[in-house]
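Here the structure comes first, spelled out in structure tokens, and everything after it is commentary.
In what follows, chains are A, B, ... by sequence order, proteins preceding strands, each numbered from 1.
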Amino acid sequence: MKQKEIKQKDNLDQQEKPVAKKIKKNEANPAEEYEVVETMLTADFYKAGVVELAQKLIGKIIVRQLPQGEVRAIIVETEAYKAPEDKACHAYNNKKTDRTKYFWQDGGHLYVYSIYGNNYCLNITAATKDDPEAVLIRAVQPLSFDIIKEIRKTKSTKVQDLSNGPGKCGGCLLLDKSHNGLNLCDQKSGMYLIDNKKQYEIGVSARINIDYAEEWKDKPWRFYVKNNSFVSKG
DNA sequence: GTTGGGATTATCT
DNA sequence: GATAATCCCAACG
């Protein structure tokens, strides 16, 4: 149904288009009232403990510069992973491998891991380099719609399928393991977060698909925007 | 060098 | 909602 609006105009006149207005046409629950602050979030923001940071990240806007243009999306779902004690965390018990070593960075860096083939999941480190903690970005709401559609190449007619899952978020942003360690506070990275003053109603639940984590699987460390259709199914 | 499973997704019925 | 796909990665030898 909405597919027609999605696939129209792949190029041409794509300058000066009001992004929020575009979303409004395509999504039943648009973020049309969001209030961007066009300043890169700095290292102080990411110094918070991982559970606090997971909450603070809800509503923030990810910006990534690509050859195709600038990708923007609102974070609508996160999960906190906190080693060494958290059995769900890849760095549980301070397990440090080639994959997990990126946990040991100051807050505001990326940890990207691959899973089930060509899926790359995006994490943002919290606290300091001595704290192996990171926030998994499980879902975002696209703002720069045309570019994301072009990048993701999904055949689905549901706009939500562009970004309602952790692997899909990595796909939207064209991330892979080469982006491990990227600094979100460094202007040269071409990727950063900006603030959004809109207040969202935030839901809390246990984390998803970590049944192996025993007593840690029930921790209320998942946060999401209530009534937002881009939140993952779980 | 081989193996087994995963913080998932796409594509069916 | 069920299942196949798909490949990286860590844990063995």
*Dot-bracket encoding of pairs in DNA chain C, which uses [ ] for pseudoknotted crossings and | for another strand, Watson-Crick or G-U under 3.5 angstrom*: |||||.||||||.
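- A distance of 6.0 Å or more separates the ring centres of A:Y81 and A:H90.
- Note on A:R152: only backbone sugar-phosphate atoms sit closer than 4.0 angstrom, heavy atoms only; bases stay farther off.
- Judged as a side-chain hydrogen bond (donor to acceptor under 3.5 Å, both in side chains), and not counting sequence neighbours, the contacts of A:E214 are A:K87.
- Between the side chains of A:N228 and A:Q141, at least one donor N or O lies within less than 3.5 Å of an accepting N or O.
- For A:R207, the salt bridge (Lys or Arg N to Asp or Glu O under 4.0 Å) partners two or more places apart in sequence, or in a different chain, are A:D86.
- Near DNA chain B, meaning a heavy atom under 4.0 Å away, there are no residues from residues 46-63 of chain A.
- Remark: A:E201 CD is loosely packed, at most 12 non-hydrogen atoms of other residues, nucleotides or ligands lying under 6.0 Å away.
- Salt bridge present: A:D44 and A:K47 bring a charged side-chain N and a carboxylate O closer than 4.0 Å.
- Residues A:T128 and A:D131 have side chains that bring a donor and an acceptor to within less than 3.5 angstrom of each other.
- Scored by the side-chain contact (heavy atoms from CB on, under 4.5 Å) test, A:K95 finds A:T97 as partners (sequence neighbours excluded).
- Annotation: side chain of A:L110 is in contact with side chain of A:L184 (closest heavy-atom distance under 4.5 Å).
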What side-chain donor-acceptor pairs closer than 3.5 Å can you find for residues 119-127 of chain A, not counting sequence neighbours?
| residue | atom | partner | partner atom | Å |
| --- | --- | --- | --- | --- |
| A:N119 | ND2 | A:I115 | O | 3.2 |
| A:N119 | ND2 | A:Y116 | O | 3.2 |
| A:N123 | ND2 | A:Y111 | O | 3.3 |
| A:T125 | OG1 | A:D106 | O | 2.8 |
| A:T125 | OG1 | A:G108 | N | 3.3 |
| A:T125 | OG1 | A:H109 | N | 3.0 |
| A:T125 | OG1 | A:H109 | O | 3.3 |

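- Scanning DNA chain B 5' to 3' for nucleotides with an atom closer than 4.0 angstrom to a non-hydrogen atom of chain A gives a first and last hit of B:dG6 to B:dT11.
- Scanning for salt bridge (Lys or Arg N to Asp or Glu O under 4.0 Å) contacts around A:E70 gives A:R72, with sequence neighbours left out.
- A:L143 has its side chain out of reach of A:F145: every pair of non-hydrogen atoms, C-beta onward, lies at least 4.5 Å apart.
- Scanning for salt bridge (Lys or Arg N to Asp or Glu O under 4.0 Å) contacts around A:K168 gives A:D161, with sequence neighbours left out.
- At a threshold of 4.0 angstrom between heavy atoms, the contacts of A:N123 include nucleobase atoms, whether or not backbone atoms are also involved.
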*Where along nucleotides 4-13 of chain C does protein come under 4.0 Å, by heavy atom, of base (B) or sugar-phosphate alone (S), with - for untouched nucleotides?*
--BBSSSS--
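- Counting non-hydrogen atoms of other residues, nucleotides and ligands closer than 6.0 Å to CD of A:Q199 gives a total of 12 or fewer.
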Less than 3.5 Å apart, which donor and acceptor atoms pair up between the side chains of residues 49-64 of chain A and the rest of the protein, not counting sequence neighbours?
| residue | atom | partner | partner atom | Å |
| --- | --- | --- | --- | --- |
| A:Q55 | NE2 | A:V51 | O | 3.4 |
| A:K56 | NZ | A:F45 | O | 3.1 |
| A:K60 | NZ | A:K56 | O | 3.2 |
| A:K60 | NZ | A:D195 | OD1 | 3.2 |
| A:R64 | NE | A:L173 | O | 2.5 |
| A:R64 | NH2 | A:L173 | O | 3.4 |
| A:R64 | NH2 | A:L174 | O | 3.2 |
| A:R64 | NH2 | A:H179 | NE2 | 3.4 |

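- Listed by residue number, there are no residues of residues 205-221 of chain A with a heavy-atom contact under 4.0 Å to DNA chain C.
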